[in-house]
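Comments concern the structure below.
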Amino acid sequence: MENKSLKQIIDNRLEKLKKIRELGIEPYAYDYDSSHHTSEINEKLIDTKVSLAGRVMSLRKMGKASFANIQDQEGRIQFYIARDDVGEDNYNLFKLTDIGDFVGIEGKVFKTKTDALTIKVSHLTILSKNIKPIPDVKEKDGEKYNLVSDKEFRYRKRFLDLIINPETKNNYIKRFKIINSIRSFLNDHGYIEVETPVLQPIYGGANAKPFTTHHNALDQDFYLRIATELYLKQLIVGGFEKVYELSKDFRNEGIDRSHNPEFTMLEFYQAYSDYNFMMDFVEQMFKKVVKDLDMKKISWDGHKIDFSKKFARKTMGELIKDHTGNDIDISDHSAVYKVCKDLKLEVSKKDSLATLIDEIMRRKVEPNLIQPTYVINHPVEISPLAKVNRDGDKDFTERFELFIAGMEFANGFSELNDPIDQRKRFEDQSRKKDGGDEEAFPIDENFLEAIETGMPPTAGVGIGIDRLVMLLIDTRWIRDAIIFPTLKSLK
RNA sequence: GCCUCAGUAGCUCAAUGGUAGAGCAGUGGCCUCUUAAGCCAUUGGUUGUAGGUUCGAGUCCUUCCUGGGGUACCA
C-alpha cells in the first residue's frame, strides 16, 4: 500500500484528471497520428511541421511558456510550448500535464539559442494521464542523477526500468534480432519449425529436476518439459528430416546469475547427418548471427572473442593435457584419479571414470575455454542419448559441447538410434534415479517404441538462447537477457 | 542450499545509542530560450518484519521477509 506522500501525489493527479474532463477533454485518448519519431528529427526538418507522440519525461515551466522533454521508442526530444502559440485553453491543458503523461505534440522544428533541436508546439493533445508518478531521473551531459540503483526494482518493475533506462530496450531488441537470425538460418536450410508439448506425462532429454503440475479433468500429473529432445526425435522417426523448436524449458533448480527456472532453448535435428556435420553447421550459424547483428568485435566480461577463425575441436584428453599438463589415457581410471588428486579436486576413488573426467573438465578446463572451442567425445555414462564412437573406445560418444568465454553454448551429438542400446541406457538412468539421483530421467516407453520403429542416422543440437544473448549483449547476468526474470513473490 | 552484505519520504542519500534531515519529485506563488531551469514558501516518515537489550534504538542483539554479491548443483 502506498503511504501518505505517494497518496498525496496520486490524489493530486486524480484531481487534475477531473479538471481535464471538466475542460471537455478525454485524458485517455483512442489514437494519435504522428508524423515522426524523435530520432527522425534533424536539422533538415527545421521549419517543417511535425507531430510526435510520447511520454513527458521532464518539465520546465516558466509561467506563460515552458520547455519539456518527450520520450518515444527511439529517444527523446525537447519541445517548447508558449501560451501565445497554442492559445489560452491549450496552455491550460498543458499546465495540467505531469511527468509521466503521454502526449501528442504538433509543431515546427526549430533551434533554441543554445542550439538545441526543439519542437515549437502549436497544439498539444493529452493521450494518457499518469496517475502513479515515475521516478524522476535527471540527466546532464549524458550523466544520470537520482537513477534507481536497486536491481530488484528494475526486475520487478521492468516497465519502469524501460522508461527510466530506455537503453535497456536495446538488449531485448538485440535478443529479437538474434532469434530472428537463427530462425531464418534454419528456415533457409530447409528446416521445419514445430511445437511439442510443454505438459508432458513423462520428462526426459536432459538431466534436471522437473516442475510438476496437475490436470484436473484428466486427474493426472504432468511435468513441465525440461527438454524437447524426445519428442523431436519422434518426428524424425515419423519422417521429418529437419526439424527445430524454439522452446521455453523449465528446470526446478537454483536461481543464480546464469540460471532462470524458465529459459529458452533451441533444439534441432537433421536426419542422415552426424556430429561432424553439426559442428560445421553450428559454427556457420553462430557466425551468421554475429554477422547479421553487424558485430565487428565481440567482447564478453573483458574477454575478446574471435569469431573469424575456425572453431577448435578437441577431445577431453587433449584438453586435459593442454590445460593441466597431464598427458594421460582418459580411459584409465587410476590415471585419471591420480590427476584429480594432483589437482586437489574433491573426488573419491569410488567415483566413476566419467565423474572424474567431468570434474577435471569443469574445474580446470571449461572456465579457460575463452575462444570458441568444441569439446568432443564425452564419456557414454554422461551421454545417455548419444551414439558411441564409430571407431575407438566404446566408452566414449560422438558428442560435442561448444564453449565460448568459459560458458557452454551448444550441446550436440550423433543421436543414438540403436534401440537395444537406447533401452539399456534408459535402464541405467532409471537405476541412477532409484539410487537417489534426482536429475536422472525415467524410462520413456513411448520414445523407445519410436526408436524401435527405426530412426535414421540423425544429428541433433541444443543451444541455450539466453546464454547466446548474454554473450552478444556482454552481460554476466541472465536477468539482463530475460525481460521478466523469475522472482520470489513479496509477502 | 550455504556464506556474506543491504533495506530510512515516490526517487537519490544523510543522521557518535540522545528531537528522523536534505536534494529532486509533489503542492502554492513569481517567471516567454529553459535543459539536473531558477527564486520564495510548503506537504510528505509505523526507518523491510516481529521480538529483545537500554532511561532512551534508524543505530546494538535475535527471528523472519525481500534483494545484491559469492559459492554448490544445473543450461
Side-chain angles (χ1 to χ4, degrees), chain A residues 1-13 15-16 57-69 76-86 91 98-100 110-118 120 130-157 160 164 206-209 226-227 249-267 346 362-363 401-403 407-411 437-439 462-468 470 476-479 481 487-491:
Chain A
M1 276 305 286
E2 64 254 21
N3 59 36
K4 224 170 171 182
S5 168
L6 181 56
K7 190 173 184 303
Q8 212 174 51
I9 296 171
I10 291 173
D11 283 349
N12 236 298
R13 300 210 169 165
E15 192 56 38
K16 287 182 184 176
M57 294 302 289
S58 62
L59 283 169
R60 294 174 291 284
K61 294 185 181 178
M62 303 173 296
K64 298 180 192 66
S66 304
F67 285 92
N69 285 64
R76 278 187 195 192
I77 197 159
Q78 177 170 263
F79 68 85
Y80 172 77
I81 180 164
R83 190 194 61 182
D84 294 350
D85 295 331
V86 299
Y91 199 75
D98 289 297
I99 290 173
F110 81 112
K111 261 187 170 179
T112 62
K113 285 175 187 168
T114 52
D115 249 14
L117 218 47
T118 304
K120 187 173 198 170
N130 167 286
I131 295 304
K132 189 158 188 192
I134 61 175
D136 64 309
V137 176
K138 302 286 184 178
E139 197 172 343
K140 189 188 183 183
D141 303 330
E143 196 163 341
K144 291 186 173 181
Y145 301 80
N146 285 5
L147 196 59
V148 178
S149 57
D150 189 359
K151 280 193 177 176
E152 179 181 1
F153 176 100
R154 298 184 60 177
Y155 301 139
R156 284 195 195 279
K157 309 275 181 196
L160 282 175
I164 299 165
N207 292 107
K209 279 177 257 177
I226 57 172
D249 290 357
F250 307 84
R251 298 189 184 173
N252 206 341
E253 289 159 353
I255 299 178
D256 65 20
R257 227 180 48 216
S258 58
H259 295 87
N260 198 62
E262 58 177 297
F263 61 102
T264 304
M265 178 78 113
L266 166 70
E267 289 193 39
E346 282 182 35
R362 179 168 295 169
R363 305 284 166 212
E401 287 181 303
L402 174 60
F403 281 86
M407 280 196 294
E408 185 195 327
F409 283 86
N411 177 23
D437 185 345
E438 288 186 283
E439 286 168 2
I463 292 175
I465 297 296
D466 310 289
R467 293 279 170 85
L468 181 56
M470 284 167 71
R476 297 169 64 220
W477 289 274
I478 199 166
R479 283 175 169 180
L487 291 170
K488 192 160 183 170
S489 298
L490 299 173
K491 286 185 179 170

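Small disclaimer: the values here were computed from a predicted structure and weren't measured. To find a chain, count down the sequence lines: A is the first, B the second, and so on, and within it residues start at 1.
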Exercise. Pick the C1' atom in B:rC5 and in B:rU46, then give their distance to the nearest Å.
Key: 25 Å
Quiz prompt | A:D150 CG - B:rC5 P separation (whole Å) | solution = 19 Å
Quiz prompt | Interatomic distance, A:R251 atom CZ to A:N260 atom CG [nearest 0.5 angstrom] | solution = 12.5 Å
Quiz item: Nearest nucleotide by nearest heavy atom, which residue falls closer to the 5' end of RNA chain B, A:F153 or A:P261?
Solution: A:F153
Exercise. Tell me the partner of B:rG17, counting only Watson-Crick (N1-N3 plus N6-O4 or O6-N4) or G-U wobble (N1-O2 and O6-N3) with both under 3.5 Å; none if nothing fits.
Key: none
Quiz item: Side-chain N or O of A:R363 less than 4.0 angstrom from OP1 or OP2 on B:rU71?
Solution: no
Quiz item: When we call it a touch if two heavy atoms are under 4.0 Å apart, what does A:L147 touch: a base, just sugar-phosphate, or nothing?
Solution: sugar-phosphate
Quiz item: Which of the following nucleotides, B:rG44, B:rC33, B:rG69, is nearest to the side chain of A:K113?
Solution: B:rC33
Quiz item: Any chance NZ of A:K157 has more than 12 other-residue heavy atoms, nucleotides or ligands included, within less than 6.0 Å?
Solution: no
Exercise. Looking at every strand, decide which applies to A:D249 at a 4.0 Å heavy-atom threshold: base, sugar-phosphate, or nothing.
Key: nothing
Exercise. Taking atom P in both B:rG38 and B:rU16, compute the distance separating them and give it to the nearest angstrom.
Key: 29 Å
Practice problem: Compare the minimum distances between each of B:rU34, B:rG67, B:rG69 and the side chain of A:F67, then state the nucleotide with the smallest one. | Solution: B:rU34
Practice problem: Map A:N69 and A:V137 onto RNA chain B by nearest heavy atom, then report which one ends up closer to the 5' terminus. | Solution: A:V137
Exercise. Find the distance A:I255:CD1 to B:rU71:C1' and express it as a whole number of Å.
Key: 16 Å
Practice problem: Just call it for A:R76: base, sugar-phosphate, or nothing, with non-hydrogen atoms closer than 4.0 Å on any strand. | Solution: nothing
Practice problem: Nearest whole angstrom, please: distance from the C1' of B:rG44 to the CG of A:D11. | Solution: 12 Å
Quiz item: Between A:Q78 and A:T112, does a side-chain contact (heavy atoms from CB on, under 4.5 Å) hold up when you go through it step by step?
Solution: CA-CA 10 Å; A:Q78 177 170 263; A:T112 62; 3.8 Å; yes
Exercise. Please confirm whether any donor atom in the side chain of A:D136 sits under 3.5 Å from an acceptor in the base of B:rG10, or the reverse.
Key: yes
Self-check item: Base paired to B:rG51 (Watson-Crick or G-U; both N/O distances under 3.5 angstrom)
Solution: B:rC61
Quiz item: Side chains of A:V137 and A:M57: closer than 4.5 Å at any heavy-atom pair?
Solution: no
Quiz item: Taking atom P in both B:rG23 and B:rC65, what distance in whole Å separates the two?
Solution: 38 Å
Self-check item: Pairwise P distance for B:rA20 and B:rU63, with rounding to whole Å
Solution: 28 Å
Practice problem: Pick base, sugar-phosphate or nothing for A:F409, based on heavy-atom distances below 4.0 Å to the nucleic acid. | Solution: nothing
Quiz item: So does A:K488 get a side-chain nitrogen or oxygen closer than 4.0 Å to the phosphate oxygens (OP1/OP2) of B:rU66?
Solution: yes
Quiz item: With a 4.0 Å cut-off on heavy atoms, is A:K16 in touch with a base, just the backbone sugar-phosphate, or nothing at all?
Solution: sugar-phosphate
Practice problem: For nucleotides B:rU54 and B:rG44, find the distance between their C1' atoms and express it as a whole number of Å. | Solution: 31 Å
Quiz item: When only distance counts, do a donor and an acceptor, one from the side chain of A:Q78 and one from the base of B:rU34, lie under 3.5 Å apart?
Solution: yes
Quiz item: Any side-chain heavy atom of A:R13 sitting closer than 4.5 Å to one from A:P133?
Solution: yes
Self-check item: Identity of whatever pairs with B:rU4 - Watson-Crick or G-U, under 3.5 angstrom
Solution: B:rG68
Exercise. Working to the nearest 0.5 Å, report the span between NZ of A:K113 and OG1 of A:T118.
Key: 12.5 Å
Quiz item: When the distance from CD1 of A:I10 to P of B:rG44 is rounded to whole Å, what number comes out?
Solution: 17 Å
Quiz item: CG of A:N12 versus P of B:rG28: gap in Å, rounded?
Solution: 6 Å
Identify the pairs formed between an N or O of the protein and an N or O of nucleotides 36-39 of chain B at a distance under 3.5 Å, and give each distance.
unit_1 : atom_1 : unit_2 : atom_2 : d
B:rA36 : O5'    : A:E139 : O      : 3.4
B:rA36 : O4'    : A:E139 : O      : 3.4
B:rA37 : OP1    : A:K138 : NZ     : 2.2
B:rA37 : N6     : A:K61  : O      : 2.8

Quiz item: If the C1' atom of B:rG67 is compared with that of B:rU49, how far apart are they to the nearest Å?
Solution: 15 Å
Quiz item: How many Å lie between NZ on A:K151 and P on B:rA6, as a whole number?
Solution: 17 Å
Quiz item: Base, sugar-phosphate, or nothing for A:F110, non-hydrogen atoms under 4.0 angstrom?
Solution: base
Practice problem: Look at all strands and tell whether A:D466 reaches a base, only sugar-phosphate, or nothing, counting heavy atoms closer than 4.0 Å. | Solution: nothing
Practice problem: Give a yes/no answer on whether the side chain of A:R257 brings an N or O atom under 4.0 Å of OP1 or OP2 in B:rG69. | Solution: no
Quiz item: Just checking A:K64: base, sugar-phosphate only, or nothing, at a heavy-atom cut-off of under 4.0 Å?
Solution: base
Self-check item: Sequence-distant partners of A:N146, side-chain contact (heavy atoms from CB on, under 4.5 Å), two or more places apart
Solution: A:D136
Quiz item: For the atom pair OH (A:Y91) and OG (A:S66), what is the distance rounded to the nearest 0.5 Å?
Solution: 3.0 Å
Quiz item: Rounded to whole angstrom units, what separation is found between the CG atom of A:D98 and the P atom of B:rC24?
Solution: 17 Å
Quiz prompt | Separation of A:E408 CD from A:R362 CZ (nearest 0.5 Å) | solution = 9.5 Å
Quiz item: Of the nucleotides B:rC73, B:rC11, B:rU34, which has the atom closest to the A:T112 side chain?
Solution: B:rU34
Exercise. May I ask you to test the A:I164-A:L147 pair for a side-chain heavy-atom distance under 4.5 Å?
Key: yes
Exercise. Check whether any side-chain N or O of A:R476 sits under 4.0 Å from OP1 or OP2 of B:rG70, and answer yes or no.
Key: yes
Practice problem: Determine, stepwise, if the pair A:I131 / A:I10 fulfils side-chain contact (heavy atoms from CB on, under 4.5 Å). | Solution: CA-CA 6 Å; A:I131 295 304; A:I10 291 173; 3.6 Å; yes
Quiz item: Roughly how many Å is it from CG in A:D115 to P in B:rU34, rounded to a whole number?
Solution: 13 Å
Quiz item: Expressed as a whole number of Å, how far does the P atom of B:rG7 sit from that of B:rC13?
Solution: 11 Å
Self-check item: Phosphate OP1/OP2 of B:rC11: any A:K144 side-chain N/O under 4.0 Å
Solution: no
Practice problem: Considering only atom P, compute the distance from B:rU71 to B:rC61 and round it to an integer number of Å. | Solution: 27 Å
Quiz item: Side chain of A:S5, base of B:rU43: donor and acceptor closer than 3.5 Å?
Solution: no
Quiz prompt | Under 3.5 Å on both distances, the Watson-Crick or G-U partner of B:rG26 | solution = B:rU42
